[in-house]
Number of protein chains: 2
Amino acid sequence: MIEMYLLEQLVAVAKHKTLLAAADALHITQPALTRSMKKLEQLFGFALFDHHANRIEINENGLLASEYAKRILQLEQEMIDQVTHLEQSKHTIFLESCAPAPMIYLQQRLALLFSTYSVQSHLTNSEGKIIGALKQNKCQLAIVSAPVKDPNIISSKIFTEHLYLSVMPAHPASQKEKISFQEIDGETFLLHGSLGIWKDVVNEKLSHSRFIVQDQMQDLSVLLASSSLPAFTTNISWNIYPRQEKRLEIPIVDHDASTTFYLAYHRKDQDIFKALLPET
Amino acid sequence: MIEMYLLEQLVAVAKHKTLLAAADALHITQPALTRSMKKLEQLFGFALFDHHANRIEINENGLLASEYAKRILQLEQEMIDQVTHLEQSKHTIFLESCAPAPMIYLQQRLALLFSTYSVQSHLTNSEGKIIGALKQNKCQLAIVSAPVKDPNIISSKIFTEHLYLSVMPAHPASQKEKISFQEIDGETFLLHGSLGIWKDVVNEKLSHSRFIVQDQMQDLSVLLASSSLPAFTTNISWNIYPRQEKRLEIPIVDHDASTTFYLAYHRKDQDIFKALLPET
DNA sequence: TGAAATTACGCTCTACGTAAGCATT
DNA sequence: AATGCTTACGTAGAGCGTAATTTCA
């Protein structure tokens, strides 16, 4: 049997071309590598290198072996990652979401409902990746904007998120009862950095606008209170962050200013997560 | 990093359910395994087994880990096999054939022409497997009954093998100048055990016959000399084995009593193997 | 009482580092 | 002379075996 450390060292030698460089990278000494490579050749029963007086050159055998070694080391790392994730998933609810406010809102509800678990949530723009993560058991819960077509996965409607324009009273739109994207395209907005699928809507409908991006939600709140720049809120975000007292919220009437979200989870977890759904 | 011996031991424990049985299979002692499994759990950072007082039960984590371990060990074995084969192929010409006499004949010619190489030949019934072996570089030369459709592989006609009925003078057919399968279907024949693609022809055309099978060519020769049972020879086999002096050979006229064989090899080996081909 | 896992202790083998040697550029 | 691989020697540690202990059926 060929041990892992030998494979790791072989890969390093194949990569760095000389024993000295590889030894440096591995934080061992050169003689140790000389011995290891000789041991490898002895285990295989033939040469993996052309041994010259003061240099070695990997040969065809060594190259093939190092390719395999790389794959073996990758597989070992995958084993560690996957088993570790399996263990973590027993104490953690992993949540993938395509939109920020629904994510934070659900995260808070999960923390209350499943207080013995910890919750890890992650925002991803691509819904395909989210569904992939769910199918590969990398997460147990997903927030998506359309039902998942898979017999083993249940998609339940949870709520519809409506976008609102948030303005100071001095803003021209403040008196309106409703507004459209077209009317405000071209203005400069304060925006959070992570928008999920809303990013597509904003880019398309407000293509002439400038956006002042702020990634930290707390800093954004300070800006919202002090600045006269328009911004956006949603009916879901009101559950999470306090409404800015001075600001007025004007509903946006466009069709794609509203998105219905679905909670997706494996059928086997149906009983666990049904407490999250609205009563019917 | 998790060493191979730990993975091997984990797989054994997962397979044999108890440490004692696994230790037995691995030819080590039970305490060694106890320590190894504890070491594995320490490396992962969590339990892979439910530890009871006097029994241990693998858990979900351990099962997943052992599945990966199995794959890693398989990959390691594949590495050893493939690299070893690559090394061997430098000193050995591997020949796969779908018919016995062409194989032996070519093996003899190879031994003469490439005296610094050793030759390993192998008879396989399935031509698909032969072509697969050639494409995967498991052999450099193949004898097949139809050209291989692959731009990287050259198929050159080498010869056509004709089947002859071999009978003693007393046999009714001995006076004939030619004969067909139909005329002899139902008789009992002496036959070699390995026929390659000829097996299909024999089974189909002589479905009413009985066959006395002898795997050892030398023993078959003795039988052929002493027995009055009919048998088969081919124009190719005459190059290999001495003709039985007492016997007469009657050509078989059926279309599928003749097969044209092709030598298949990678384009890069074209120059090496062209010496084997008939002059044009 | 027997079967099976764990703990304790001692040994051996091995992978490593240090130091020195040697060949090539 | 500098670079880089190899050889020689000593050491610390790791993995294994033996023996004793514990627990459950």
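Predicted model, so just to flag it, every value in this text is computed and none were measured.
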- Message: As a test of understanding, state which of A:Leu63, A:Asn59, A:Leu64 forms a side chain to side chain contact (heavy atoms under 4.5 Å, CB included) with B:Leu86.
- Response: A:Leu64

- Task: Figure out the CE/P separation between A:Met1 and C:dT14, and round it to whole Å.
- Result: 13 Å

- Query: Quantified as the angle between the terminal helix axes (five pairs each), what is the overall bend of the helix from C:dT1-D:dA25 to C:dT25-D:dA1 to 10 degrees?
  - Reply: 30°

- Task: Any chance you could lay out the side chain to side chain donor-acceptor pair (under 3.5 Å) test for A:Asn61 and B:Lys90, step after step, and finish with the verdict?
- Result: CA-CA 11 Å; A:Asn61 297 335; B:Lys90 290 173 190 161; 3.1 Å; yes

- Task: Output, in order, the C-alpha distance, side-chain angles, deciding distance and verdict of side chain to side chain donor-acceptor pair (under 3.5 Å) for B:Thr124 and B:His122.
- Result: CA-CA 6 Å; B:Thr124 307; B:His122 182 242; 3.2 Å; yes

- Going by number, which of residues 3-26 of chain A have a non-hydrogen atom under 4.0 Å from DNA chain D? A:Thr18, A:Leu19, A:Leu20

- Query: For DNA chain D, what residues of residues 41-60 of chain A have any heavy atom nearer than 4.0 Å?
  - Reply: A:His51, A:Asn54, A:Arg55, A:Ile56

- Item | Phosphate-side-chain proximity, B:Gln30 and C:dA5, N/O vs OP1/OP2 below 4.0 Å | yes

Side-chain donor-acceptor contacts of residues 73-81 of chain B below 3.5 Å, not counting sequence neighbours, with atom names and distances?
| unit_1 | atom_1 | unit_2 | atom_2 | d |
| --- | --- | --- | --- | --- |
| B:Glu76 | OE2 | A:Ile2 | N | 2.7 |
| B:Gln77 | NE2 | B:Asp81 | OD1 | 3.1 |
| B:Glu78 | OE2 | A:Tyr68 | OH | 2.8 |

- With B:Gln136 via side-chain hydrogen bond (donor to acceptor under 3.5 Å, both in side chains) - residues at least two apart: B:Lys138

- Message: Hydrogens and angles aside, do B:Asp269 and B:Gln140 bring a side-chain donor and acceptor to less than 3.5 Å of each other?
- Response: no

- Task: Count the heavy atoms belonging to other residues, nucleotides or ligands that lie under 6.0 Å from NZ of A:Lys268, then report whether that count exceeds 12.
- Result: yes

- Message: My understanding is that only residues two or more places apart in sequence, or in another chain, count here; which of them pass side-chain hydrogen bond (donor to acceptor under 3.5 Å, both in side chains) with B:Gln270?
- Response: none

- Query: A:Ser126: what forms a side-chain hydrogen bond (donor to acceptor under 3.5 Å, both in side chains) with it, not counting sequence neighbours?
  - Reply: none

Contacts under 3.5 angstrom, residues 44-57 of chain A side chains, donor-acceptor by atom type, not counting sequence neighbours:
| unit_1 | atom_1 | unit_2 | atom_2 | d |
| --- | --- | --- | --- | --- |
| A:His51 | NE2 | A:Glu41 | OE1 | 2.9 |
| A:His51 | NE2 | A:Glu41 | OE2 | 2.9 |
| A:Arg55 | NH2 | A:Glu57 | OE1 | 3.3 |

- Item | Nucleotides bounding contact with chain A, strand DNA chain D, heavy-atom threshold 4.0 Å | D:dT3 to D:dT7

- Any idea which heavy atoms bring B:Ala264 and B:Val148 closest together, and the distance? CB-CG2, 3.9 Å

- Message: Going by side-chain hydrogen bond (donor to acceptor under 3.5 Å, both in side chains), name the residues that satisfy it together with A:Ser156, two or more places apart in sequence or in a different chain.
- Response: A:Tyr265

- Would B:Ser145 and B:Glu127 count as having a side-chain donor-acceptor pair, cut-off 3.5 Å? yes

- Task: Not counting sequence neighbours, list each pair that qualifies as a ring-ring contact (aromatic ring centres under 6.0 Å, His included) and has a residue in residues 69-101 of chain B.
- Result: B:His85-B:Phe94

- Letter per nucleotide, 5' to 3', of nucleotides 7-12 of chain C [B base touched, S only sugar-phosphate touched, - untouched; heavy atoms, 4.0 Å]: B-----

- Item | No-hydrogen, no-angle side-chain donor-acceptor test under 3.5 Å, B:Gln120 and B:Thr92 | no

